[in-house]
Amino acid sequence: TLAFHSGEATVTNIEGTIEAEAQGCDVSFEIEQFDDARFSVCGSELALRLKPQIEAKLLLEGDTVFLDKAFTFSGDKEKDRIEGRLNKGNNLIKARAAAGSIRCVPV
């Protein structure tokens with residue numbers, strides 16, 4: 001479990017189960033392999049940098065959520081919620097941003 005407060009942080013070489021929360025801290029995670037990942041941010045931006053071929057169930061909720069077109073995605077996309085699958089994956093990436101935004105972009 002990781003916790004961030006104010007400033008900026010970039011975390012790379014993530015593997016296994018991930019749990020992270022941030023308040024007032026823009027955070028970026030580079031994820032290559034994972035079991036399950038849960039993120040919670042308040043008043044900040046969360047950037048998830050993923051390999052385009054990553055397999056996952058995806059649930060993103062926030063003021064604004066963005067999923068780059070480089071990903072193979074099936075599911076529902078709205079301004080404040082994205083739910084579906086990346087490349088038919090089963091491991092969960094769940095992220096929630098209160099008064100913040102979430103961006104999923106390729107590595």
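Each residue takes its place number in the sequence, starting with 1.
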Exercise for the section: Mark yes or no for whether S44, through its side chain, and C25, through its backbone, hold a donor-acceptor pair below 3.5 Å. Expected result: yes
Exercise for the section: Show your reasoning for whether side-chain contact (heavy atoms from CB on, under 4.5 Å) applies to V27 and V41. Expected result: CA-CA 9 Å; V27 290; V41 298; 4.2 Å; yes
Problem - Main-chain N/O of T17 paired to D36 side chain as donor or acceptor, under 3.5 Å - result: no
Handout entry: Distance-minimising heavy-atom pair for A56 and F34
Key = CB-CZ, 3.6 Å
Exercise for the section: Supply the atom-to-atom distance T72 OG1 to K88 NZ, rounded to the nearest 0.5 angstrom. Expected result: 10.0 Å
Problem - Heavy-atom check, side chain of T10 versus side chain of E8, under 4.5 Å - result: no
Problem - N/O donor-acceptor pair under 3.5 Å between N90 side chain and K57 backbone - result: no
Problem - Sidechain N-carboxylate O distance under 4.0 Å for E45, R103 - result: yes
Practice task
Decide yes or no on side-chain contact (heavy atoms from CB on, under 4.5 Å) for L59 and R81, but give the supporting numbers first.
Solution key: CA-CA 7 Å; L59 175 57; R81 181 182 171 93; 3.6 Å; yes
Completion exercise
In this structure, CG of L60 is separated from CD1 of I93 (nearest 0.5 Å) by 8.0 Å
Handout entry: Student check: side-chain heavy atoms of R96 and K94 closer than 4.5 Å
Key = no
Exercise for the section: Working to the nearest 0.5 Å, report the span between CG of L58 and NZ of K77. Expected result: 9.5 Å
Exercise for the section: Locate the shortest heavy-atom distance separating F71 from C104; write the atom from each residue and the value. Expected result: CE1-O, 3.7 Å
Practice task
May I ask you to test the L2-F29 pair for a side-chain heavy-atom distance under 4.5 Å?
Solution key: yes
Exercise for the section: Please check if the side chain of D80 supplies one atom and the backbone of D63 the other of a donor-acceptor pair under 3.5 Å. Expected result: no
Exercise for the section: Calculate, to the nearest 0.5 Å, the distance between atoms NZ and CZ belonging to K79 and F66 respectively. Expected result: 14.5 Å
Exercise for the section: Hey, could you give me the CD1/CG distance between I54 and L86, rounded to the nearest 0.5 Å? Expected result: 7.5 Å
Problem - Any side-chain heavy-atom pair of V11 and S28 under 4.5 Å - result: no
Practice task
In plain terms, say whether E19 and R38 are close enough for a salt bridge, that is, a side-chain N and a carboxylate O under 4.0 Å apart.
Solution key: no
Problem - Test item: N87 side-chain N/O and G89 main-chain N/O as donor-acceptor pair under 3.5 Å - result: no
Exercise for the section: Please examine the side chains of C42 and Q23, heavy atoms only from C-beta on, and report whether any two atoms are closer than 4.5 Å. Expected result: yes
Problem - From CG (L48) to CG (L67), nearest 0.5 Å - result: 10.0 Å
Handout entry: F73 versus G84, closest heavy-atom pair with distance
Key = CE1-CA, 3.7 Å
Exercise for the section: Using a 4.5 Å cut-off on heavy atoms from C-beta on, say whether the side chain of F39 contacts that of I18. Expected result: yes
Completion exercise
V107 and E30 have their tightest heavy-atom pair at CG2-CG, 3.8 Å
